[in-house]
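Below is one structure, written out as structure tokens; the observations come after it.
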Amino acid sequence: MSEIPNNTDIRTPAPAERSLNFVEQIVEEDLATGKNGGRVHTRFPPEPNGYLHIGHAKSICLNFGLADKYGGKTNLRFDDTNPVTEDTEYVESIKADVRWLGFEWENEFYASDYFDQLYEFAEKLIRKGLAYVDDSTAEEIAAQKGTPTEPGKESPYRSRSVEENLDLFRRMKAGEFPDGAKVLRAKIDMAAPNMHFRDPIMYRIKHAHHHRTGDKWCIYPMYDFAHGQSDSIEQITHSLCTLEFEVHRPLYDWYIQQLEIFPSRQIEFARLNLTYTVMSKRKLLQLVNEGHVRGWDDPRMPTIAGIRRRGFTPASIRDFADRIGIAKRDNLIDVGLLEFCIREELNKTTARVMAVVDEKPLRVVLTNYPVGQVDEVSIENNPEDPSSGHRSVPFSREVYIERDDFMENPPKKYFRLSPGGMVRLKGAYIIKCEEVVKDNAGEIIELRCTYIPESRSGSDTSGINVKGTIHWVSVAHAVEAEVRLYDRLLTVEDPSAEEGDFKNFINPNSLEIVRAYVEPTLKAAKTGDRFQFIRKGYFCIDPDSTDEKLVFNRTVTLKDTWAKEQKKA
């Protein structure tokens, strides 16, 4: 008996030749002119304050893919400048996600590796008269900033001498002042059209334990001060950021110019926005903390951990990232494209298995089949892959079918089972419904049928043609399982376009837990194994599975039924 083949990740075939995206055009121009000595060195710089999501996967594929294409290198750098929100758990999850996607980094760095260097940079700006210590409160600083149409007002502490600023900054570092008492600000232009130039904060006091540096520091650099300098320290040639950082770029360039350090080139691209979900870490954290989902790896979440648990593959995510491309303007990508990518792969790589997904399946008794006899029928593992072979599945006198596969009063063109009607049991025999058995409440509890011995699949000599084929499971051999049917997280395409709290649009039917009865070959399945339940969809084994109880997650339906249902609404 052939076993169900394992479905491990495979790289999708290279897409047809496409034109260069605008980032690749920039890189090729730089290489042609010999800029940066012909080097390509990118970095993926996540903040370790949450789990990565599908939008980060796009950035990972871009940064690592670009370096791979041009013989370059990619650093993994954790921008860990805020000890209050960061955690080692997030660091480890990020590394696992990058590796799962199929990439390996050249160097592993942390912004905290550069705290001493960043501090020296800050002192250099103070000595140049370009930074000062400000005693203003957060509210006062916000008021000083002005508005996009009105210039800001200079802080009363802006005129402090270099000596006083150096003294105060060093005392901040020594822990002399409480949180919020002082900040270090860059001295640029309080009337600048770009609000980021209006004396941005460089350092703030935080007496907080850092996940790597412990209690060494009580002042921490702001992200806008640390990010560009970290790129420079690492000699990053192409610093790829999402569009919201475009207005920050002039500030990064200003710091680099004043510090006279290596000028990394920042290039902005459109972030990924996906229908029927949210991409904000803050909002995802709300979903987790308020119990709307079961954790960061809940299969309804757009996190890489969540979509991995749901059954998506690295190849499908890389394919998705390639298909959506790299754009200069934000757009909203239909989640149906992501689902298309995983369907395309799983159709080619997964075995077809039989599972009756029904809380109360219909028992079918084949009255002319010998009592106690068990036959082994041959089922092809995957018609898309002839090399996958066949497996044996036990067939007996009593089988389960789904209630939806029987109708007592069927309409025209109904090709499943009905009184007096005939249907083929997948891989087995043609059966005919002879009698419908009901309980006292009038509910159907059993179908009594006869089978056609000469109609066995693969050697049918009955001459009977039927239009319908349904799946089944032998009652005596069925393995009970839990099936988790996942659907879209939200009920609206673009929650950012709706008024009110995004949580008001959480889909109440995003998870339905039902019972199923599966063929016995699945008892050997391991966590992460993927299958196509015949006629139902693609499923994978969840980590909650045990030897005593199988748990399956629905990765995606066979077809996109969501769009059709939405049109009916």
Flag the pair [X] / [Y] as yes when at least one side-chain heavy-atom distance between them is below 4.5 Å, and no otherwise.
X: E446; Y: V365; answer: yes
X: F539; Y: R530; answer: no
X: K283; Y: K503; answer: no
X: I444; Y: L362; answer: yes
X: H211; Y: D87; answer: no
X: L511; Y: L485; answer: no
X: Y90; Y: L52; answer: no
X: F44; Y: H56; answer: yes

Counting N and O atoms only, with roles assigned by atom type, does the side chain of [X] sit under 3.5 Å from a partner on the main chain of [Y], one being a donor and the other an acceptor?
X: H53; Y: I304; value: no
X: S455; Y: Y429; value: no
X: D319; Y: A315; value: no
X: S545; Y: I541; value: no
X: T277; Y: L274; value: no
X: N21; Y: E24; value: yes
X: K73; Y: D68; value: no
X: R308; Y: P299; value: no
X: N553; Y: V483; value: no
X: S93; Y: Y51; value: no

Between [X] and [Y] (salt bridge meaning N to carboxylate O under 4.0 Å), is one present in this structure?
X: E345; Y: R343; result: no
X: E104; Y: R99; result: yes
X: R391; Y: E380; result: no
X: E402; Y: R416; result: no
X: D322; Y: R318; result: no
X: R535; Y: D405; result: yes
X: D330; Y: R271; result: no
X: R456; Y: D375; result: yes
X: R77; Y: E108; result: no

Please determine whether the number of non-hydrogen atoms from other residues, nucleotides or ligands lying under 6.0 Å from atom [atom1] of [X] exceeds 12.
X: K69; atom1: NZ; result: yes
X: K432; atom1: NZ; result: no
X: K467; atom1: NZ; result: no
X: N465; atom1: CG; result: no

| query | How far apart are the C-alpha atoms of E519 and L522, what are their side-chain angles, what is the distance that settles it, and do they pass the side-chain contact (heavy atoms from CB on, under 4.5 Å) test? | reply | CA-CA 6 Å; E519 63 176 76; L522 291 177; 4.3 Å; yes

Looking at residues at least two apart in the chain, or sitting in another chain, which of them share a side chain to side chain contact (heavy atoms under 4.5 Å, CB included) with [X]?
X: V423; result: L417, I431, I470
X: E344; result: F340
X: P453; result: Y451
X: E548; result: T546

| said: Please evaluate residues K360 and E443 with respect to the criterion salt bridge (charged side-chain N to carboxylate O under 4.0 Å, His left out), reporting the C-alpha separation (whole Å), side-chain torsions for both, the decisive distance (0.1 Å), and the verdict. | reply: CA-CA 11 Å; K360 298 172 66 176; E443 183 177 355; 2.7 Å; yes

Nearest-0.5 Å distance, [atom1] of residue [X] to [atom2] of residue [Y]:
X: D297; Y: R310; atom1: CG; atom2: CZ; answer: 13.5 Å
X: R300; Y: R309; atom1: CZ; atom2: CZ; answer: 10.5 Å
X: I379; Y: S392; atom1: CD1; atom2: OG; answer: 9.0 Å
X: N381; Y: H390; atom1: CG; atom2: NE2; answer: 8.0 Å
X: I94; Y: E92; atom1: CD1; atom2: CD; answer: 9.5 Å
X: N75; Y: F64; atom1: CG; atom2: CZ; answer: 8.5 Å

| message | Looking at every heavy atom in both E408 and P419, which two are closest together, and how far apart are they? | response |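 Looking at all heavy atoms of both residues, the closest pair is O-CD, 3.5 Å.
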
| task | Report the C-alpha distance between V393 and E376 in whole Å, list the side-chain angles of each, state the deciding distance to 0.1 Å, and finish with yes or no for side-chain contact (heavy atoms from CB on, under 4.5 Å). | result | CA-CA 5 Å; V393 177; E376 293 285 335; 5.5 Å; no

Any chance the side chains of [X] and [Y] put a donor and an acceptor closer than 3.5 Å?
X: T469; Y: R424; answer: no
X: E398; Y: Y369; answer: no
X: N382; Y: R352; answer: yes
X: N509; Y: D487; answer: no

| task | Check whether the ring centres of W472 and F395 lie less than 6.0 Å apart, and answer yes or no. | result |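 Under 6.0 Å, so yes.
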
| said: Under 6.0 Å between ring centres: does that hold for Y538 and F533? | reply: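 Ring-ring flag for Y538/F533: false, centres at least 6.0 Å apart.
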
| query | After noting the C-alpha distance and the side-chain angles of M301 and W296, does the key distance pass the side-chain contact (heavy atoms from CB on, under 4.5 Å) rule? | reply | CA-CA 7 Å; M301 291 279 274; W296 284 102; 4.1 Å; yes

| field | F78 and E86: CA distance, side-chain angles, deciding distance, side-chain contact (heavy atoms from CB on, under 4.5 Å) verdict | value | CA-CA 10 Å; F78 294 94; E86 295 157 358; over 6 Å; no

| Distance under 6.0 Å and angle within 45° of the ring axis: does K328 meet both against F269? |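 No, K328 and F269 do not form such a contact.
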
| said: E434: which residues meet the side-chain hydrogen bond (donor to acceptor under 3.5 Å, both in side chains) condition with it, sequence neighbours left out? | reply: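 side-chain hydrogen bond (donor to acceptor under 3.5 Å, both in side chains) check on E434 returns T450.
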
| salt bridge (charged side-chain N to carboxylate O under 4.0 Å, His left out) between K348 and E384, intermediate numbers included | CA-CA 6 Å; K348 299 171 185 175; E384 298 289 327; over 6 Å; no

| message | Please enumerate all residues that pass salt bridge (Lys or Arg N to Asp or Glu O under 4.0 Å) together with K549, with sequence neighbours excluded. | response |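 Salt bridge (Lys or Arg N to Asp or Glu O under 4.0 Å) check on K549 returns E482.
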
